[in-house]
Amino acid sequence: MKKFVKVLALALVLVLSVSMLAACDGGTSTSGTSNADSGTKVLKIGTNAEFPPFEFMGDDGQPDGFDIALIKAIGEEIGMEVQIENMEFKSLIGAIESGNIQGIIAGMTVDDERKKSVDFSDGYYEAHQMVLVRKDSDITKTEDLNGKKIAVQEGTTGDFVASGDPDWEFILGVSLQNTEVSRMKKGLDAVIELKNGRVDAVIIDSNPAQVFAEENADDIKIVDSIQCETETYAIAVSKDEPDLLNSINTALKTLKDNGKYDEILKQYIEQ
Ligand code: ARG
């Protein structure tokens, strides 16, 4: 009996110390967003580093690009340490909803459907879709894309346009008909499909289109005669973090006013 009491007492001490430890931990890291060493709050941002020059894998194996530099500058403004989480583009919104990240910077276009799941900051860049074809292609106008095989990066606005989504009709002025869409994980994979002759065209955002066209100038070209409407890139923020959204907007404005935004633009885009 005495032994039983002893074991019981020991167990109680153990349980108490474990819960005290847990309580201490909870005190220093508010919902896992605080860096215990420095006390600086961590801002977890998702991206898909397959979208040059906005985001790509740098030589050091870390995501680099315009968006990465911009969000780091925003982090500095608002006193948070930015931690980049690289993932598939189509997983980004879900990662906010499940609380794994607080925001997204990924050349993401503001869209009503996405607005149901996330909030968007003020716009930080204007872009548009471009159509890439093989050099010998006779596709010159929007109608030529009907019934064609088109490769895109899955879940992007290029995907919506290629698929004839009526919400995205404004981009080309018409909804494409009877297209066969190959949805790739990476924009570059879509370009490879085109080069290898497995598809007739790629629809992708203007800046990566230019990068891919330059890198593969012997095989592919941009169809200059197909012009698309403008879309706006913004930072997506969790609907649970309205204060963060405000801070990001204020920081964006500061960076535009003090020239830092232009500096980053020159470094990555307008070289
Ligand atoms: N602007 C397009 C969209 O919002 C494409 C973005 C792709 N971004 C990326 N990092 N892969 O759907």
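In listed order, ligands and their atoms are each counted from 1. Predicted model only: the values in this text are computed from it and were never measured.
Which parts of ligand 1 touch Asn48 is read off a 4.0 Å heavy-atom cut-off, strictly below it: atoms 9 (C), 10 (N), 11 (N). For ligand 1, the atoms closer than 4.0 angstrom to any heavy atom of Tyr233 are 1 (N). If you number the atoms of ligand 1 from 1 as listed, the ones under 4.0 Å from a heavy atom of Arg114 come out as 3 (C), 4 (O), 12 (O). Shown in contact with Met108 at under 4.0 Å from a heavy atom are these atoms of ligand 1, numbered in order with element: 4 (O). Of all the atoms in ligand 1, the ones that sit under 4.0 Å from a non-hydrogen atom of Thr109 are 1 (N), 2 (C), 3 (C), 4 (O).
Side-chain contact check for Lys195 and Asn216: at least one donor-acceptor pair (N or O, by modelled atom type) lies under 3.5 Å. Defined by atom type and a distance below 3.5 Å, a donor-acceptor pair is present between the side-chain atoms of Tyr233 and Asp205. There is a side-chain donor-acceptor pair under 3.5 Å between Gln129 and Glu231.
Screening Arg183, Lys185, Lys186 for a salt bridge (Lys or Arg N to Asp or Glu O under 4.0 Å) involving Glu154 leaves a single residue, Lys185.
The six-membered or imidazole ring of Phe54 lies near that of Tyr125, with a centre-to-centre distance under 6.0 Å.
If you check which protein heavy atom lies closest to atom 6 (C) of ligand 1, you get Gly107 O, 3.3 Å. Protein heavy atom closest to atom 8 (N) of ligand 1, with residue, atom name and distance, is Ala106 O, 2.8 Å.
The main-chain N or O of Met87 is never found under 3.5 Å from a side-chain atom of Ser91 such that the two would form a donor-acceptor pair.
Ligand 1 has no N or O atom lying under 3.5 Å from any N or O atom of Thr156, backbone or side chain. For ligand 1, the polar-atom distance check against Glu55 finds a nitrogen or oxygen pair separated by under 3.5 Å.
No side-chain heavy atom of Ile78 sits under 4.5 Å from any side-chain heavy atom of Thr250.
The heavy atom nearest to atom 5 (C) of ligand 1, out of those in Ile105, Asp159, Asp205, Val110, is found in Asp205.
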